[in-house]
Amino acid sequence: TVRSEFTSWFVSIAIAKGHDNIGFDLLNSNCKINNKTSVHEPIVEAIKRGTSKWVEALICHGANALNEKVGVASRYQIQFF
């Protein structure tokens, strides 16, 4: 099994690389998605990629966008949706 502290990293890679099936499998396995000290937090990667599907899914799974290194709210654009 994958140790839980690394799962946000794996989800972030899946989002960034467009491997949605793998990413959603990890997300639905209750993996860790909040990592406020990582510049590659899953919600950050989803916004960078510009995919509302991922942003919505992460929020539904408890993403809090409280990243200390990246201004998540400043990257969010209303026309995104």
Side-chain angles (χ1 to χ4, degrees):
T1 61
V2 177
R3 291 181 21 200
S4 64
E5 66 264 24
F6 297 117
T7 57
S8 72
W9 183 68
F10 292 130
V11 172
S12 294
I13 291 172
I15 294 169
K17 299 292 185 183
H19 300 299
D20 293 339
N21 291 338
I22 294 168
F24 280 110
D25 285 345
L26 287 167
L27 184 62
N28 291 326
S29 297
N30 296 321
C31 67
K32 179 181 173 185
I33 57 170
N34 293 312
N35 185 349
K36 65 182 183 177
T37 60
S38 173
V39 296
H40 298 290
E41 183 178 25
I43 193 80
V44 173
E45 293 299 328
I47 291 172
K48 284 195 305 191
R49 186 171 152 204
T51 172
S52 61
K53 173 176 68 173
W54 266 109
V55 172
E56 291 174 14
L58 289 164
I59 290 170
C60 287
H61 280 83
N64 60 27
L66 297 175
N67 196 289
E68 296 173 351
K69 309 252 185 213
V70 179
V72 174
S74 68
R75 290 177 180 256
Y76 179 82
Q77 299 175 11
I78 197 67
Q79 74 267 17
F80 186 79
F81 292 97

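Being a predicted model, the structure only gives us computed values, none of them experimental. Scope of the values below: all heavy atoms of this structure, side chains included, with no hydrogens, waters or symmetry mates.
At a cut-off of 3.5 Å, with distance as the only test, a side-chain donor of Asn67 or Glu41 sits close to an acceptor on the other residue. Counting only N and O atoms by type, the side chains of Asn30 and His61 include no donor and acceptor under 3.5 Å apart.
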Phe10/Lys32 under side-chain contact (heavy atoms from CB on, under 4.5 Å): CA gap, chis, key distance, verdict: CA-CA 10 Å; Phe10 292 130; Lys32 179 181 173 185; over 6 Å; no

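With a 4.5 Å cut-off on side-chain heavy atoms, Lys48 and His40 count as touching. The shortest side-chain heavy-atom distance between Leu27 and Trp54 falls under the 4.5 Å cut-off. When side chains are defined from C-beta on, Ile22 does not count as touching Ile13, because their heavy atoms never get closer than 4.5 Å.
The environment of CG in Asn21 is sparse: at most 12 heavy-atom neighbours from other residues, nucleotides or ligands sit within 6.0 Å.
Rounding to the nearest 0.5 Å places CD1 of Ile15 at 8.5 Å from OG1 of Thr51. Ser52 OG to Ile59 CD1: the interatomic distance, rounded to the nearest 0.5 Å, is 10.5 Å. How far CZ of Arg49 is from NZ of Lys17: 11.5 Å, rounded to the nearest 0.5 Å. Separating the CD1 atom in Ile33 from the CG atom in Leu58 is a distance of 5.0 Å, to the nearest 0.5 Å.
Connection of Val11 to Leu66 is not established within any shared hydrophobic cluster, with ILVMFWY side chains joined at heavy-atom distances below 4.5 Å, either directly or through further cluster members.
Scanning both residues, Glu45 and Val39, for their nearest heavy atoms gives OE2-O, 4.0 Å.
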